[in-house]
Protein chains: 4
Amino acid sequence: MPASSDTPSPTAAGKRARRKDARPSELLDAALELFVEKGFAATKVEAVAARAGVSKGTLFLYFPSKADLFRAVVQENLAARFADWNTEYEAMDGGSDSAADMLRHALQSWWTRVGSTKLTGLTKLVISEAQNFPELAACYHAEVVQPSQQLLRRVIQRGIDRGEFRPLDAEYAVYSVTSTILYLVMQKHAIGLVGPASGQLMPERYIASQLDIILHGLLGPAQGPPSRIPALS
Amino acid sequence: MPASSDTPSPTAAGKRARRKDARPSELLDAALELFVEKGFAATKVEAVAARAGVSKGTLFLYFPSKADLFRAVVQENLAARFADWNTEYEAMDGGSDSAADMLRHALQSWWTRVGSTKLTGLTKLVISEAQNFPELAACYHAEVVQPSQQLLRRVIQRGIDRGEFRPLDAEYAVYSVTSTILYLVMQKHAIGLVGPASGQLMPERYIASQLDIILHGLLGPAQGPPSRIPALS
Amino acid sequence: MPASSDTPSPTAAGKRARRKDARPSELLDAALELFVEKGFAATKVEAVAARAGVSKGTLFLYFPSKADLFRAVVQENLAARFADWNTEYEAMDGGSDSAADMLRHALQSWWTRVGSTKLTGLTKLVISEAQNFPELAACYHAEVVQPSQQLLRRVIQRGIDRGEFRPLDAEYAVYSVTSTILYLVMQKHAIGLVGPASGQLMPERYIASQLDIILHGLLGPAQGPPSRIPALS
Amino acid sequence: MPASSDTPSPTAAGKRARRKDARPSELLDAALELFVEKGFAATKVEAVAARAGVSKGTLFLYFPSKADLFRAVVQENLAARFADWNTEYEAMDGGSDSAADMLRHALQSWWTRVGSTKLTGLTKLVISEAQNFPELAACYHAEVVQPSQQLLRRVIQRGIDRGEFRPLDAEYAVYSVTSTILYLVMQKHAIGLVGPASGQLMPERYIASQLDIILHGLLGPAQGPPSRIPALS
DNA sequence: GATGAATGAGGCTTCATTCAT
DNA sequence: CATGAATGAAGCCTCATTCAT
């Protein structure tokens, strides 16, 4: 099988190429971490490069400026989540679960897929730098926040329509979920950094508690105590 | 010898002195606004001085460095709130209201005294810069967050003990209130800046909705519908 | 005369202020020299600042960028020459001298007012950087070159009309003068820098020689030998 | 064993070799153009390589540094002209033409062989970068400028000696020709770049005009109008 | 040889801080 | 005290040069 000839071996030629392909995402990962940790302004491009294991100059081969790196960090991770959200969206909307189960599932799957991962940093980042990068905040809002809220709103409305939930301000009721999520994100990346390890908020317990209260709060008063409310696995 | 000497007229001296005393707080106000608007790093000391109507040099007469100015901004406003919180604290603890009324009152008075004022910026600020100023975050946590949470926790516990509230995770139930507040703060200073004026969150309606859900969520299932839940004035 | 009171003495308050007023032109002078010596790219802003006796940062108090400094250097000196040119223009146009005398006077006064001064650097500069700063080249052309050429063209045309000069290509004849000037400028700032001090071009002799040839070249063949041709000073 | 080995086919090898030999001059051509267009500092080696159709790294196989590339550009083109100049030199010196014809011929042949070609860029380049590359300027002066001027000087002197030309400053009279050439070069590469296409200097007409004036200026007053002065074409 | 990814010294620019007036 | 001109350390970014493939 003398297939190999004067063409450089794929492995040899490839090592550099593979590095090259990997570089952008290595840099984006490093950048996400540092931007989340220190904020945009306090993060030095040299530190991002160092964390990605390359030199300052290399970063500029892939991103024309620090601000563009920042934008790429957001957009890249946005794209990554987008697919997930759509999947989730359809899975949930089409199901035949009760509205309560759907909300419970929404929060729990958010925790599994996002809340417990590094991706929460993205949310914190976008919020922290919203003033300095309004386009990104707008983009994030349009592509992540709005769709999610619409979905939740529909679920809640359906719950009301079916009589599962009390008649209430469906439009604003979503903020129960939204604020629950935001608090957890900020806890993880900002608030929770103060204080001793003891007394740290336990995410699962937090989510269980919030779900418990929210669902009790939404359910119609006549409703018997829903069997599975306290569960979170 | 009419006004001929080289000492400024008493009136002028007086005006100066009065202004002089006011300088620090004028600077602190200006700094609070700008730090909230743009973040610590993106705020130029010259801009703070300009907004306070003095020159760059003057700022450094009162604050030895930009970081110290930042610390002063936080501590000053912290102190300002401290008195209030203590008052509130006692007023609430000593009353004979129902636990639900106390929670309702807590949120509503937070809105009146803090949420609807410039002071929310402080919270946003401390959270945004928590990584870069951990002492401040710790201080804020110890002096503002912890006491409030303790108070709320006690109220909730009392509600449970009295049978007003369902038996639930009293320690974590406070986060219903905490997250409600945090969301409103971030909405005001970060999230809400994106998108058109329409679709903006209406604070009173938001608070009413959250209170409605939280209180419903906390109340014992047997409990008749509490009379004043939807109200917020 | 107790005119002095609590206002700071003009001398004291003024020293800084006077410096401040002087800074821009000190910097412009330093910049002109260095840009002429080394070109735009090879000149470091720090070197300009140092030659002006200030630090790097100070330069940026007066000029927003290196390119703007460059533009200011050109425009400033352009303005300076503008007045001169207009004066010259009128003095010459209105006179009753022979066309030959006018040309002779034009070249000689150019030498006195510009050629023998640091201002020649401006011409060299504009030409050297014409590609990188086309706006400036255009501006220089419109404000300095065009007017001068128009004036010279008119003088030559008048000489032809009056029969002083041979009938010739009046439009292109001006380049005799233009090229004479350009060569002297480039000699001074570029060509002349090579070679030993001996063998350096002597400006007055050069101008006399060129004038001699040009005027002989323009005068009508019938014309008797003009009396003052060889003179220069 | 037909072409199976890992050595490229002889044809391929030959093509490569031929290309390889051409590389340096392709790079020198590209470099000349770009250095003339943008100046030394503003020219990026990558742009030179790209215009020559090779990669950045390849350029450094042939030239150890950017400055060396620049030197090679000058020296290479210098060498190219050197032969020409010597030919010209002898052809002219030995002839039996009138001095006026020789000057006319000198300028016209300069235009044909140099002025109308890309080689003028070399002159512009050397002058523009004379300060930063004094060795090159010196070299150019010694090898191109000096010989030419000496030749022209001798022609003029002969014209004077023979009574064709007026008695005049033979040493400085050459600058009539020199400045004429320089102006055309700078016009082509710097001055002429400003302004609309209309109003551009027409080289032939320019040369004719200058020759007309110069020769009239040099000829003895008694001399009848030389028959062929206006011709160029 | 040829490539182009990687490097890092160096330049421009910002801005907190100082200090003469 | 107040001012604001001056400073210079520090950060972003460019680009000539190197070197593994």
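Naming convention: chains lettered A, B, ... in sequence-line order (proteins, then strands); numbering from 1 in each chain. This one's a predicted model, so the numbers in the text were calculated from it and none came from an experiment.
Heavy atoms from other residues, nucleotides or ligands lying under 6.0 Å from CD of Gln75(A) number more than 12.
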Read 5' to 3' with Watson-Crick or G-U pairs under 3.5 Å, [ ] for crossing pairs and | for partners on another strand, DNA chain F gives .||||||||||||||||||||
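Protein atom CZ of Phe60(B) is 13 Å distant from nucleotide atom P of dC15(E), rounded to whole Å. The CG atom of Leu59(C) sits 13 Å away from the C1' atom of dT14(E) (whole-angstrom rounding). Going from atom CD of Glu26(B) over to atom P of dA2(F) covers 11 Å, rounded to whole Å. Per the geometry, NZ belonging to Lys38(A) stands 15 Å off C1' belonging to dG11(F), to the nearest Å. Taking atom CD of residue Glu46(C) and atom P of nucleotide dG8(F), one finds them 10 Å apart after rounding to whole Å.
Contact between the side-chain N/O atoms of Thr58(D) and the OP1/OP2 oxygens of dT3(E) is found at a separation under 4.0 Å. A close approach under 4.0 Å does occur between a side-chain nitrogen or oxygen of Tyr62(D) and OP1 or OP2 of dA2(E).
The side-chain heavy atoms of Phe35(A) and Glu129(A), taken from C-beta on, include no pair separated by under 4.5 Å. The shortest distance between side-chain heavy atoms of Leu28(A) and Phe63(A) falls below 4.5 Å. Within the 4.5 Å cutoff, no side-chain heavy atoms of Tyr62(D) are placed close to those of Leu69(D). Considering only heavy atoms from C-beta on, Val74(C) stays 4.5 Å or farther from Cys139(C) through its side chain. Residues Gln131(C) and Glu37(D) form no side-chain contact, since every pair of their non-hydrogen atoms from C-beta on lies 4.5 Å or further apart. When side chains are defined from C-beta on, Phe60(B) counts as touching Val45(B), because their heavy atoms get closer than 4.5 Å.
Nearest nucleotide to the Ser65(B) side chain, out of dT3(F), dC12(E), dT17(E): dT17(E). Of all nucleotides listed (dT3(F), dG11(F), dG1(E)), dG1(E) comes nearest to the side chain of Leu61(D). In this structure, of dC12(E), dG1(E), dT14(F), it is dC12(E) that holds the atom nearest to the side chain of Val45(C).
Electrostatic pairing of Glu135(B) and Arg71(B) counts as a salt bridge here, judged by a charged N lying under 4.0 Å from a carboxylate O. Between Arg51(C) and Glu46(C) there is no salt bridge, since no side-chain N of the basic residue sits under 4.0 Å from a carboxylate O of the acidic one.
Nearest-nucleotide positions on DNA chain E place Ser55(A) closer to the 5' end than the other of Ser55(A) and Gly57(C). Nearest-nucleotide positions on DNA chain F place Lys44(A) closer to the 5' end than the other of Lys44(A) and Lys66(D). Summary of the strand contacts: Thr43(C) and Lys56(B) both lie near DNA chain E, and taking for each the nucleotide with the nearest heavy atom, the more 5' one is attributed to Thr43(C).
Only at 4.0 angstrom or more do the heavy atoms of residues 27-37 of chain A sit from any atom of DNA chain F, so none qualifies.
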